[in-house]
Every structure is written in structure tokens, then in C-alpha cells.
A.B. asks: 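Sharing a structure below in C-alpha cells format, with a few things to ask.
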Amino acid sequence: MGWETAHAPRQAELDACVTCGLCLPQCPTFRLTGSEAASPRGRLAAMAAVASGVATVDDRFEQIMGLCLQCRACEPVCPSVVPFGRAMEGARAEIAAQRPGSGRRVRALLLGRGLGSRQAIRLVTFFAALSQRLQLHRLPLRLVARITGLRRIPFTGGSHIGEARPAAAPRVGTVALLAGCVQDAWFGAVNEAALELLTAAGYDVTVPAAQTCCGALAAHDGAVADAERLASVNVDAFAGFDQVVATAAGCSAHLAGYGEWTSGGDEMAGRVADVTVVVARAIADGRLPALPARHAKVAMQDPCHLRHAQRVTAEPRQIVIAAGYEPVEIDDTGMCCGAAGVYMLAQPDTSDELGRRKAAQVRAVEASLVASANPGCEMQLRANLGSGYDIRHPIEIYAEALRGEST
Ligand code: SF4
Ligand code: SF4
């Protein structure tokens, strides 16, 4: 039967794999299971089998693809530069097209329409805040237990949508800030830090009112029409700015791949940067100050979509050092924490195991302050570390140090 959609895995992507196996030790699901079918090479082989007509998009195919975290740890080590994340998005698009069940339709509604709707985010924010106040996470329900990883959120959520702040230093350019679907409502302090730091570094910063969710979660789940629609809205909303900056690593990685999702996406992708890159550059240029050392440690957690998808590792550390702290490594390989968007709900056992392992890595370095540049990772860390740990975005750590608020 083969493929049915324009986003399907491409033959050149599949042919690029020379089956060397170098990616296997990097893959979290292979490391957990030891199974070839749970490895990048095995998943590419399964895609190739469908492409050649030897296999179909059936239960087994869906199972093999569904266990993938889409962490892209397999990409940096691949000598053939197989674009695994792109191929996996294509495989998910095929599963959604060929096996449209009611569960998938509900997910598409939530990830595509729900995250793209400010009214829906406000409603969810209210109930999430209420759940926190009522301490519902104490109930023996796995789904509800996930709210333990959230910061304490206000009932109305935060919002910087529509704001425009002028440069507070000699002007070097314009920035459009992606507010993010839940980033602004639930992690508003991160966007506030971005606005403060970017204006202090000489940027006119706008949070365009016409923007929407970046569409990463929809794309990862195969909800192609929604991913395309959201990308198209954002390409229009972010036109005309020198740079488009996102404060969540998952969002900046997805914006950088917009060429796949909409016309004009390639042009916009060329202007996209993660906030850690822009702030670190401003520190290096002397547009933002480096503070004196305070001899306190920060455990560095690399979100997969920063480290593996965008190859950004130095910048968060440079920011933490500029804040006066000593960055401490927790994991040389950058193994996924298991959050992975909706993966923590779809594959809770694997997600929990990876979350426990990541927490153990943090505990081993004895640092109570943890830097993470992605909200999903932050939630996973907080849920697994428990009390006694403070988990912040690197730019928050730096902004708080500049304000003199650090403890
Ligand atoms: S994206 Fe991550 S989980 Fe999926 S195959 Fe690659 S390394 Fe393994
Ligand atoms: S490292 Fe690249 S070429 Fe080698 S098996 Fe993995 S995906 Fe294939």
C-alpha cells in the first residue's frame, strides 16, 4: 500500500542510512530495551519496508514508531546525516492518515485546535490552577499526577501577547517573540526575562498579537493539516522582523523546520533563533554584562531539541557563567528526560523510567539549582526531583541575577 501523504518518509532519507549502527548507543529506547525495533536503524528499516511494499502501516508499525521520543539524539552521530526527525514526522503523518482512530482525532483536536486557541488555553489554565490549589495531584491518577511538575500558575495565566517594548540600549535590531501556547500562560516568567534581556541588549521586541502555537506537538503527532495551518499563521505574524525568537527549545527547533510545513517557512526559518543563542551572543558582544562569580553550582540539563536538534550546548552554559554560577554537567550523552511533549502521556512507563534516570543524574551532582531551557523538561525534572530543587530557564537564572534577586 505504501505511503499516502506528501509528508511521508522520503526515499532519499531512507536510502541515506548505511546501517552502521552508530546511532544505537545514543537512542534512549534502544538503551532501555536492547531491541533493534526500538532503535533508529530499526525504525528506518520499518519505514523502508513500508516504502517498498513489503510491509504495511499496521499495528506493529504504529507500535515501533510510537515508542520513539522524537528526541533526535540519533542525528548528531549519524555519518550519513539521516534527517531522522523529519522522517519520523513523516511516519507519524502516515499513521494518522492511514489509521485515523477516534483517539487520534481527539488528539489532533487538542494539539491542533486546542493549543492554537487562546480561549482554550485560558480554560485549561484555570482548571490546572484549580487542580494545584485543591492538590489533586495527590489522587492516584497518573494523568493528574503530571501537574506536580508545573510551577504554581495563576488562574488567569500570564500574558505578554500584543506587547511591544523598545530597545533600552543602542538599537541593534528587531525581534518578534514567540509567546508559545502554554509557555506564556504557565511559564510567563521566562518570557518576561526574555523581554527584559532582549530590550537591554538593544532589540525592539514585539510579541505579535496575530501569532499562534508553533505547531510542534501537532507535527510530532502526525496532525498535518493543523501543523500546516499553525505554521502559515505564524509566517504571516512574524513577517518583517529581523529575528524570530522562542523561549522554549521545542518551539525554536520546530520554527527552524518551518520550510516543511508552509510556503515562506524557509525564509522565516532563516531568521529563527532560540533565546539562549541571542542572549549568549549579547553577553559575548558586551551588550549584556557578566556578573562576578558567586561559587554556586547549577546542574545543566540539555533539552533534546536544543542539544540534538539545534546543536546548541555552549550558549546556556555561557549564560549561567555570566550569571555568576558554575555550570555542572549531569550527562555527557544528553539522554532524553522522557518528557517529549505528549509522550509523557502516551508512553507513561518509558517516560517515567527516563524521568527517574534524569533525576538520579541531577541528584548525583549535588546542585539544588537546575537549568533547563524547555518547559516539558522542566516539568519532568520537577515531578521526578521533588522538593529541594529549583528548576529555571538559563535566561531566568541570569535575569534574576541581574535584578539582584538570586539567593
Ligand atoms: S529520535 Fe530519539 S528515540 Fe527516536 S530513534 Fe532517534 S534517538 Fe531513538
Ligand atoms: S547512524 Fe545513521 S547511517 Fe548509521 S544506522 Fe544510524 S541512521 Fe543509519
Side-chain angles (χ1 to χ4, degrees), residues 7 9-52 60-95 216-217 219-222 249-250 253-254 256-257 260 301-313 331-358 361 374 376-377 380:
H7 293 280
R10 296 176 184 127
Q11 201 54 46
E13 293 168 348
L14 304 177
D15 290 345
C17 177
V18 294
T19 67
C20 65
L22 287 174
C23 52
L24 270 60
Q26 307 300 321
C27 174
T29 54
F30 180 77
R31 284 164 73 173
L32 286 181
T33 65
S35 162
E36 176 73 15
S39 78
R41 184 174 64 186
R43 290 177 176 125
L44 289 166
M47 293 179 209
V50 172
S52 65
R60 180 72 181 136
F61 185 82
E62 187 167 352
Q63 191 184 27
I64 289 171
M65 300 306 148
L67 193 62
C68 174
L69 293 137
Q70 298 182 277
C71 67
R72 296 168 66 177
C74 43
E75 288 187 8
V77 295
C78 177
S80 297
V81 202
V82 173
F84 186 89
R86 214 310 304 158
M88 179 54 69
E89 283 181 352
R92 297 282 178 93
E94 284 296 320
I95 293 167
L217 295 183
H220 290 171
D221 205 48
H254 187 65
E260 175 68 21
Q301 186 267 340
D302 289 316
C304 294
H305 284 87
L306 203 56
R307 177 175 178 137
H308 305 309
Q310 300 183 73
R311 318 287 158 93
V312 171
T313 52
D331 172 18
D332 290 342
T333 62
M335 180 130 135
C336 180
C337 69
V342 294
Y343 192 93
M344 65 165 73
L345 304 177
Q347 303 281 352
D349 293 337
T350 307
S351 174
D352 285 350
E353 177 56 28
L354 290 170
R356 280 191 289 273
R357 290 184 182 211
K358 188 57 66 182
Q361 290 173 339
N374 194 55
C377 309
Q380 179 79 327

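The figures here come from the full heavy-atom set of this structure, side chains too, leaving out hydrogens, waters and symmetry mates. Whatever order the structure lists them in is the order used to number ligands and atoms, beginning at 1.
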A.B. asks: Return the CG to SG distance between N374 and C337, rounded to the nearest 0.5 Å.
C.D. replies: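 Separation between the atoms: 8.0 Å.
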A.B. asks: Within a distance under 4.0 Å of any heavy atom of R43, pick out the atoms of ligand 1 and give their elements.
C.D. replies: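 Reading through ligand 1 atom by atom, the close ones are 3 (S), 4 (Fe), 5 (S), 8 (Fe).
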A.B. asks: Say whether, by atom type as modelled, one donor and one acceptor occur between the side chain of E75 and the main chain of F84 under 3.5 angstrom.
C.D. replies: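 Yes, E75 side chain to F84 backbone: donor-acceptor pair under 3.5 Å.
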A.B. asks: Once the angle between the rings of H220 and H305 is folded into 0 to 90°, is it parallel (under 30°), tilted (30 to 60°) or perpendicular (over 60°)?
C.D. replies: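 The arrangement is parallel - the two ring planes meet at less than 30°.
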A.B. asks: Mark yes or no for whether R92, through its side chain, and M65, through its backbone, hold a donor-acceptor pair below 3.5 Å.
C.D. replies: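 At least one qualifying donor-acceptor pair exists.
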A.B. asks: So how far is it from L345 CG to S351 OG, rounded to the nearest 0.5 Å?
C.D. replies: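 Interatomic distance, L345 CG to S351 OG, rounded to 0.5 Å: 8.0 Å.
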A.B. asks: Ignoring hydrogens and geometry, is there a side-chain-to-backbone donor-acceptor pair from T29 to A38 under 3.5 Å?
C.D. replies: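 At least one qualifying donor-acceptor pair exists.
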A.B. asks: Nearest protein heavy atom to atom 7 (S) of ligand 2, by residue and atom, and its distance?
C.D. replies: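 Protein heavy atom at minimum distance: L44 CD1, 3.6 Å.
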A.B. asks: Counting only protein N/O/S, how many atoms fall short of 2.8 Å from atom 4 (Fe) of ligand 2?
C.D. replies: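 Number of qualifying protein atoms: 1.
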A.B. asks: Under 4.0 Å from any heavy atom of F84, which atoms of ligand 1 are there?
C.D. replies: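 The atoms of ligand 1 under 4.0 Å from a heavy atom of F84 are 1 (S), 4 (Fe), 5 (S), 6 (Fe).
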A.B. asks: Please answer whether the main-chain N or O of A16 pairs with a side-chain N or O of S80 as donor and acceptor at a distance below 3.5 Å.
C.D. replies: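 Looks like yes, one N/O pair under 3.5 Å.
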A.B. asks: Please work out whether any backbone atom (N, CA, C, O) or any side-chain heavy atom from C-beta onward of E75 is under 4.0 Å from ligand 1, and answer side chain, backbone, both or neither.
C.D. replies: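 The answer is neither.
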A.B. asks: Is there a donor in the side chain of E260 and an acceptor in the side chain of H7, or the other way round, less than 3.5 Å apart?
C.D. replies: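 The criterion, which ignores hydrogens and geometry beyond distance, is satisfied for H7 and E260.
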